[in-house]
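Residue numbers begin at 1 in each chain, while the letters A, B, ... track the order of the sequences.
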Amino acid sequence: MVEPLLSMTAIGKKFGTVTALQGAEFQLKKGEVHAILGVNGAGKSTLIKILSGVYQQDEGSIYLDGAAIRLDSPKAAKQQGIYCVYQEVDTAIVSELTVAENILLDTFAEKGNLFVSRQRINEQARSVLHELQADNINVQQKAARLTLAEKQMVLIARALVHSAKIIIFDEPTAPLSIHESEKLYTVIAKLKAQGVGCVFISHRLPEVFEISDRITVMREGTLVQTYDTAQADQDGVIEAMLGAALSHELEPRAHDIGAALLEVSNLSDGQKLKDLSLTVAAGEVVGIVGLVGAGKTELAKALFGGTPLTSGTIKLDGKNAKIKHPADAIKAGMALIPEERRKEGLFVQESLEANASFPNLKQFSKRLLMDRKAEKRYANEIIERLRIKTGSTETPLVHLSGGNQQKVAIGKWISLNSALYLFDEPTKGVDIGAKVDIFKLIRQLAESGKGCLYFSSEIHEAIGISDRILVMYNGQIVKELSRQEATQERILLYASGGKEELGEKQEFGERKRDSVSI
Amino acid sequence: MGKNKNSVKENAIQFLFKYGAIALLIFIIFYFSTISDAFFTYGNFSDILRSISIVTLLALGVTFTLVVDGFDLSVGSTMSLSTVVSASLMVWYDMPLWLVLILPLLIGVFVGAVNSFLIVVIGIPDLLATLSMMYIVAGLHRTYTEGYSIYNNMPLTSGGTAPGQLSEAFLWIGQGQMLGLPVPVWIMLVMVLASYVVLNHTRWGRVLYMTGGNAEAATLSGVSVKKVKFTAYVISGIFASMAGILFTARVGSGQIDAGAPLMMEAVAAVFVGYSVLGAGKPNALGTFFGAAVIGILLNGLTILNLPYYAFDIIKGGVLVAALAVTYVYAKKKFSKA
Amino acid sequence: MGKNKNSVKENAIQFLFKYGAIALLIFIIFYFSTISDAFFTYGNFSDILRSISIVTLLALGVTFTLVVDGFDLSVGSTMSLSTVVSASLMVWYDMPLWLVLILPLLIGVFVGAVNSFLIVVIGIPDLLATLSMMYIVAGLHRTYTEGYSIYNNMPLTSGGTAPGQLSEAFLWIGQGQMLGLPVPVWIMLVMVLASYVVLNHTRWGRVLYMTGGNAEAATLSGVSVKKVKFTAYVISGIFASMAGILFTARVGSGQIDAGAPLMMEAVAAVFVGYSVLGAGKPNALGTFFGAAVIGILLNGLTILNLPYYAFDIIKGGVLVAALAVTYVYAKKKFSKA
Amino acid sequence: QPQGDVSEEETSSDTESEASDHPLAGKEIALIMQINLGTFSAQYIAGVEEQVESFGGKATVFTSEGDLAKMASNLDAAINQGVDGILIDHGTKEALNQGVEKALEAGIPVVAFDTGIDVEGVVSLEQGDQQMAEMTLEKLAEDNGGEANIVKIWTAGFAPMERRQVAYEKFMTDNPGIQEVTAFGSATDNTALDTQSQMEAVLKQYPNEGEITAVWASWDEFAKGAVRAIEQAGRTDIKVYGIDMSDEDLQLMQKDGSPWLASAAVDPADIGRIQVRYLYQLLNGEQPEEKVVLEPVFIEAENLPEETVTTDELSEYVEGWGASDQGYTDDLRELEGQ
Ligand SMILES: Nc1ncnc2c1ncn2[C@@H]1O[C@H](COP(=O)(O)OP(=O)(O)OP(=O)(O)O)[C@@H](O)[C@H]1O
Ligand SMILES: Nc1ncnc2c1ncn2[C@@H]1O[C@H](COP(=O)(O)OP(=O)(O)OP(=O)(O)O)[C@@H](O)[C@H]1O
Ligand SMILES: [Mg+2]
Ligand SMILES: [Mg+2]
């Protein structure tokens, strides 16, 4: 066999006391698409950040074309022809610069012509975007004005500008619609034909199986196995990822559903949301599912008074609720666990205590003075109840892992005893154990008669937890499905703007999307 | 877990951070005491406290705005305005004491309100908005007095002399003694204590800090960030006005531009205060402590007969040292995240 | 798409944002011209340009630090230091011209390097680090001259008179004419143009803006953010030194504390410049424009015989107006995103 | 500065402390200043230090950066440190009276300059402000035959300025031939440069010869700015008359074709020296008069020599400059001889 283009051997990396990688292995051949799979925190991003020079490995070595190389900065990696499309879009986009400048960002840091010709870079940028079939993006506008998906296309374009040996895609399709993803697949196919080695990371198993040549599964920072895609089967791969067969199904709901708790009619916000109506009953979990950018977060925020409405009414417990600000929503008995917990839900520099008591300070203060003991008592209570792993109630939240942070973001609302909980992607970035805990918690809330709205783009999870599912597409609710009716395929169809008749025909079409992916 | 070597170093840093500032203060006091008998006396310390009282009030206002992650550069001008207004009310208009005290405070409230309007409603970043207000208020206060300082029975530009003068009762605020301490010191101590209690032990304080820590999360937890910011800037305006009133009473006349040189000093005090007791954030006791360190240092350096022009070097040096400790520590603390 | 009503309003705002500042300037010029014949003359404009040349240099330095998302408060002190150093090199030590020009610039480089050390290595936030340096450098420059200003043949504290004086060639830099314009104006124009070209048309400029816009993205693109910040602060120090040299040459002596009052003015110029031609960010032409607006306004107001104490109100007002336009626009612009 | 005086000061005070056992020797004197900027202050401090050292004492400077509250605190600090005598430079009586009384109670004598303190037992020095204004204004009238269009540069808010204004108003009513064209002035952080810019604007406004005959600057910082503006505009028709004189001003005045024709002033170093002498009189138990007016000296450009001179040498050309022996008593001369 020919020598691999790239080979990483016995890579180890620690962050403080956290071991991200240990003895990780990875090989890439010329002109192959090699997918890396693994649960959250398996070390995928860390591995490729080492490969692209962002981090340096503590141990192990990297060979390119058979020669050992050191990659001590992103620049060094680029000089070797290794380019990367990073997972977090906003860390890599400079929103103040134009699209063209963003696409050619790497070239500015390289040696070369001192003067920059605006015309030339615009042209270059246009031609790359054309290759991606994204001609609709105006290269002269500021990147700040792009949608998330467009930003992702810009980042992909950035990697295509250069004549790369290796291009790494770290979850590039997460913010893309199916249509856009397919454009990316064709580009990857072209790169492959040109002999570029592509590393492809994704949580969407079907696409991995569709486009990759080989699959490497990682678990707990180390290599589990590398498969030839043609020979691999999905269940096997999943088992390799999890270390056990998947049994995520929750018990079906056993308690009764009560009277209508939340009634929303004809709600619009003048921008994304158009004429939405929905109801939630006490004890019910209603899933709101849609692809990224469908407007789920906007809906959650709008219900919670975070963004102003242009029309529509919200009734809680049969009474009209005037919600102009989250404070009104809280008073009316709502709680929101926002999508971006670090940015919107938590005070990460503060202690667990301070976070936990915050939405309901009155309960933790005698007259005006804070009652520190009561705060501590409550903090310990939620630690126990949600099984939060932490040293003490006084540690700043930055020291907690993502899943535990998410639990605090939920736990802080419990003292309020709200009637209605809005969960916006509560399992995002959360490992499987924590996920199960969170599902159980949601179930508990429902059992005790609370209403829950569960916003998610993880369709299978929504199916698992919800009693009823509303599908969102482009700011509207396009379909309501009962738990029995809901299948991945149907939801996905409506969520990507498909219509009923069309859907029935396609249901058993060539692309099978019945597997559960985590 | 193989971190025993690191943890010694880390503990040292933590210790330095928590008690470094206080140790420094004790060392300074000890050092100056050995140099001069006059230094460690009740009289000298009550003088030092009096000398920092005005800056401390100003700095408390800045502290509140920093707590909500803002910044008020206009406190100096606001203090100047309140200085001349309080003096003019007595000298030009012969007003009763209570009005002389209330009106400048209302002006402080007003300036704070305009600041927060610019910041919250228009959306100008705090630093820039208050910088503009610094200019505007400075111009206003000079225009109000037409560039004159205000003193008892001053001649008026319209001819004649001003009817009034600063009353004894008013001057007592700045120059009197009470229970063995100067009145300004009492005012300062009460305000420091009040700010400390409000910021560290009440619900409001919690809301202020959390808003500063993460405005978005605070909003989604039901806090009206606009109102909170508004309050902080109004409080800052009130403190600046109090400083102005105190200045007038201390000095016995309404000096023009009294506040301008104090603004930077107040900011310095707040920043030195960051590192006190490991707070790592703006806090009332730290602010007081910062003002005291600077005051004691300046007092001691004069005793040492250090040339006056070198003082700023020391002030800057102390600031750098305090900041370095704070931020090196912050890096350690959060790098693991 | 149902946004036709909105878009009229939006276009108006966009227009205001892009051309508002320029329209304002034209209006001001027109207004003053109708008031006084002396205003709209070549001589007056060359005077105005000369009067803003020093502030503009200082402001260019601040611009560079703002571009990388920093902030340099120490430029005023650095300028003061360079002022007295350049004067002293001639007056005290009788040095040749090239040394007199080079040494202050090296000092600027040094101050910039210390600033970036504090910011990049220690991790002190820009504002606080440069605030401390502001004090330290101010103290140093006073200590260096022992509080004296430096002028030709001054008596020395050690007895005797200083051997040297400011040379003609040196004074020409600040007071000479060339091709019908004062030399400081040429220097300013060249520097503005150079900064403009560097920032807007070279790779380096992109790297600077990139670093300021998103340091993480810049790092991922292979930029060494530390080096870039370092460069920006060094450039700022150099500009401040140039301003100091120009000040000495213009005034003919090494005045103490020359830079302190100019710092805020420079900052104001940069911020007014944000709104020029819809940049919405620090930019060299805007900075020049901001300095010009303020200079023209002050000139015109003096001609109008407005009392000097009202100037600050106008300055602050212009600043608020410029900022309001910029940020109201920014809000509109990004709320849709 | 080259061969900085720090080492020199140390050595001189060392020898002093060993040398003398005179009861007035080894006194610690505090100088409390309101503003401390520019050459005038530096020369004044130098005068104080020189005289104190020659009496075998040691002077400490307390600076207040213009902040009266800080000045009051500094006064308190000096008293607490138990200095032997206190000198005050500027400030206001309202701010300082209390501290001065405290000092007197503690038996510390106080001599104030331009402060307006009215506490019994304190010697107050004052420049002859009205006299200086009169001297320069009369010279202005004389040079122009009683007919002139003048620009006044003045600012309110300082006691000496206001005394000068009194003389100015009287002069204007007495001399109807003199017209004020315009008046401006602001004491900023950068007075000279700001004055220069403002003067440039004024010159633009009155571009024709004869529209402005002369500039009367009530303070040398104003005069400096005006002189530079006029020089750089190439206007030879406008003359400047100023008040106060520092060494730096003298250089400007001596320049060829300088528009600055005359100034009235007291030597800043002299002020310092005289103030110290009165303090030592008090220390010596003498009872000097409580209000001392310093005799101003009138300096005309035409009296100055070809080659540049400094204020130290000015006494050779201008009568009464730097040579004042105001405040000396026999005891003090004797002390100085030690
Ligand atoms: N900068 C860092 N500091 C500390 N720990 C880190 C850092 N970056 C990653 N980790 C930890 O390393 C482990 C691996 O993270 P990594 O981002 O590589 O996971 P991943 O496989 O990409 O997961 P995901 O699917 O969520 O992207 C996690 O436990 C994570 O918490
Ligand atoms: N038109 C847009 N322009 C810019 N950013 C957008 C746009 N639409 C969505 N985004 C960004 O994408 C993210 C998700 O968008 P949105 O809230 O509309 O979708 P969602 O259905 O909640 O998707 P998800 O929760 O799966 O991310 C948000 O952070 C939002 O800022
Ligand atoms: Mg990842
Ligand atoms: Mg969302």
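- Proximity to chain D at a heavy-atom threshold of 4.5 Å picks out nothing from residues 130-138 of chain C.
- Tested against C/S86, the residues C/V100, C/L99, C/L246, C/L103 include a single side-chain contact (heavy atoms from CB on, under 4.5 Å) partner, C/V100.
- Residue pairs meeting the side chain to side chain donor-acceptor pair (under 3.5 Å) criterion with at least one partner in residues 176-187 of chain C, sequence neighbours excluded, do not occur; the list is empty.
- The salt bridge (Lys or Arg N to Asp or Glu O under 4.0 Å) check on D/E200 picks up C/R50, C/R250, with sequence neighbours excluded.
- With a 4.5 Å cut-off on non-hydrogen atoms, D/A183 touches chain C through its backbone but not through its side chain.
- Considering only residues two or more places apart in sequence or on other chains, C/S241 meets the side-chain contact (heavy atoms from CB on, under 4.5 Å) condition with C/T78, C/S82, C/L105.
- Between D/K255 and D/E231, at least one side-chain N (NZ, or NE/NH1/NH2) sits under 4.0 Å from a carboxylate O, which counts as a salt bridge.
- Taking both residues in full, the closest heavy atoms of D/V227 and D/S258 are given as CG1-OG, 4.4 Å, listed atom of the first, atom of the second, then distance.
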